[in-house]
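Below is one structure; the comments refer to it alone.
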Amino acid sequence: MTPISAENIVMNYGKVKALDAVSLKVEKGELFGLIGPDGAGKTSLIKILGTLLLANSGTAEIEGMDVVKQYQNIRRQIGYMPGKFSLYQDLTVEENLNFYASIFGTTLEENYDLIKDIYKQIEPFKKRRAGKLSGGMKQKLALSCALIHKPKVLFLDEPTRGVDPVSRQDLWDMLQSLKKDNITILVSTAYMEEALLCDRISLMDHGKILATNSPDGLIANFEKPLYAIRSGNSFKVIKKLKDYEHANSVYPFGDWVHYTDKRDTIDPLEIKSYLENNDTTNVEIKQIKASVEDCYMSLTSKNQNYEPA
Amino acid sequence: MKNFKIFKGLVRKEFLHILRDWRSLTMLLGIPIVLVLLFGSVMTMEIKDANIAVVDHAKDHDSKELINLISTSEFFKLVKYLDTSDEIDEEFKKGTIRMAFVFDKDFGYKLHHEGHAQIQLIADGSKILTSPSLISYGKIIINKHIASKNPPSRAGYYIIPTVRMMYNKNLNGRYMTVPGIMSTVILLVGALMTSLSITKEKELGTMELLLSTPINRFLIMFAKIVPYLITSFISALSIIWAAKYVFEVPVSGSMGLLLLNTVLYILTALALGLLISTFANSQLTAMMITMTLLMLPTEVLSGMTFPTDSLPVVLQWLGKLLPSTWFNIISKGILLQGAKGGSLFFETTILVVMVMVFYFWSVIRFKPRLQ
């Protein structure tokens, strides 16, 4: 039985297509990432799978149960952590946990083992009101509450958004450690580098899934040699490269400009001299390994039929 | 058993919300009593020291005696002697007086020789809240005066007070208005409590998380009622206390019966609040709906301040849809007429039906998903 499966999910908000025939399959115990920018449709997809929204068309099943007809049964088996902190801010850490335990007919003590790795980090603050916790601690509490009833499937909507880098790392460590409990996890994020921490990912943009693969598989599929180019003036570099007749894609990446060529084999020195002939000085050029973000950029430009550079 | 545990968890959570938010708690408990004290005293003070004018065409011993009695009473303050009745109109328009007494030309003569004389009581018909009371207080003084003149054994002469005013319903000021205010305040505050509590959860997103759990919606709704039933009952007790001891409204019937019906009425208000919350997604909308739906209609249509039988039939029917209309009948019946439970059976049954309808309707309307 597949923990999460979706077929041709379509979701419209008025004229805006939030999800455009999305299909997805997540295997048992997988840590699966939905990667994409804001507005890609990640949240809508998670809410539909979490039985909170009705799709306009398409079907989805959680643990073999239909998200529309058997939503009550699904809700017993899933844990959900919304993008916005949704616990009771006026209740303490302990009271929030006890409350969520009680509505699943269980207690904190009964399921302490499952959440102890996470909960023990916030336990010293158990008498503190949830609203007074820091961003990272809020997420740890929210995760504890989502796990308190031993769910089989866990949905996390952008759990690391607005959280400091240390807490982000903590959170991913916790998600990875949950795999030993055989919990299937669907997590969304807009941070491309977090994709590497997932078993498999789907890259999403404008309501479509562009590609589904393991992070390594995705990168291995990156077709063209990728070059990183830098000079004193990256604005000028981008402009000149876009004018270059062989340019396939050009986009800024931190201090560097990432470049692919239309030709299969090229000599980087040729590009360097092209730039230097067009009054750009101190040009550095090196071939690099593609990152998930590079894959994303290349897929989105294909998807939207952008004019090549 | 498991459901009971879940229910206990939900109720405990609601109590924590109420206790943590001491500002709201103070408002819940304090505002009703303040409202009742305010409205109550405004309405009762109106009857004290009302400015009056006298047109004494007779100017004899009997008229002077009666004028003296009227002007020394606690209700009236004589501010003007007028020569003709025509001047009354002008004084009303200037707002200097609220009532006028006009004595017939041969007042004393007629009284002693014909056995009856006439006084005209003129009040401002546009002030429908207070004028009926002013008239009845005037009549009371006149009747008392006659009674003291007549030997108890035989009926002697009498005075016929004629009233010139459209509304002459005998309203007894605060005795009637305090129960009315009570029902409006309990209904408003009760409906606000539950509707705000649910819409707040929608606004903060906590409802979204609650929906992702398997809790039954009957329980979510029911758990919202229990804690607010207790806070509302405390504030209702303070209102009843104020009615009894501050405004000295007599409690002719059984206090236990009144409290039981108050609990029933609070339940109606809370269930109505639940229903309102299913139509609103924000606290502001919930408040607007509650205010427009309940504030003015309960004051106008439920017989709290105006006698409903002078309203158009359509409005009378609309008034019958309001829980306060029925509680007004119940509370006035118990307080003023000493009514027993049996005679209020019909009204009580209607409230029970309303609680059921509001509660189940709101459960049905409560969406198990996000909109």
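The structure displayed is predicted, hence computed values, not measured ones. Each chain gets a letter, A, B and so on, in the order the sequences are listed, and its residues count up from 1.
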Pick from B:Leu219, B:Asn216, B:Leu204: which one has the most heavy-atom pairs with chain A under 4.5 Å? B:Leu204
Looking only at B:Arg20, B:Lys8, B:Arg12, the option with the highest number of non-hydrogen pairs under 4.5 Å against chain A is B:Arg20
Taking [atom1] in [X] as the centre, count heavy atoms belonging to other residues, nucleotides or ligands within less than 6.0 Å. Is the count above 12?
X	atom1	result
B:Met255	CE	yes
A:Tyr191	OH	yes
A:Lys69	NZ	no
B:Lys320	NZ	yes
B:Phe218	CZ	no

Roughly how far, to the nearest 0.5 Å, is [atom2] of [Y] from [atom1] of [X]?
X	Y	atom1	atom2	answer
A:Ser102	B:Lys13	OG	NZ	9.5 Å
B:Asn3	A:Ile103	CG	CD1	12.0 Å
B:Leu211	A:Arg75	CG	CZ	6.0 Å
B:Leu210	A:Tyr88	CG	OH	4.0 Å
B:Arg369	A:Thr51	CZ	OG1	6.5 Å
B:Lys367	A:Leu52	NZ	CG	14.5 Å

Looking at B:Glu208 and A:Lys47, is any side-chain nitrogen of the basic one under 4.0 Å from a carboxylate oxygen of the acidic one? yes
State, yes or no, whether a side-chain contact exists between B:Leu209 and A:Met81 at a heavy-atom distance under 4.5 Å. no
Kindly indicate whether the side chain of B:Leu16, heavy atoms from C-beta on, has any atom under 4.5 Å from the side chain of A:Asp90. no
Test side chain to side chain contact (heavy atoms under 4.5 Å, CB included), reference B:Ser212, set A:Tyr80, A:Phe155, A:Tyr71, output is A:Tyr80
Please state whether the side chain, the backbone, both or neither of [X] comes within less than 4.5 Å of a heavy atom of chain B.
X	result
A:Glu95	side chain
A:Phe104	both
A:Tyr100	side chain
A:Ile74	neither

What part of B:Leu370 gets within 4.5 angstrom of chain A, counting heavy atoms only: side chain, backbone, both, or neither? both
Out of A:His149, A:Gln72, A:Arg129, A:Gln77, return the one with the most heavy atom pairs under 4.5 angstrom to chain B. A:Arg129
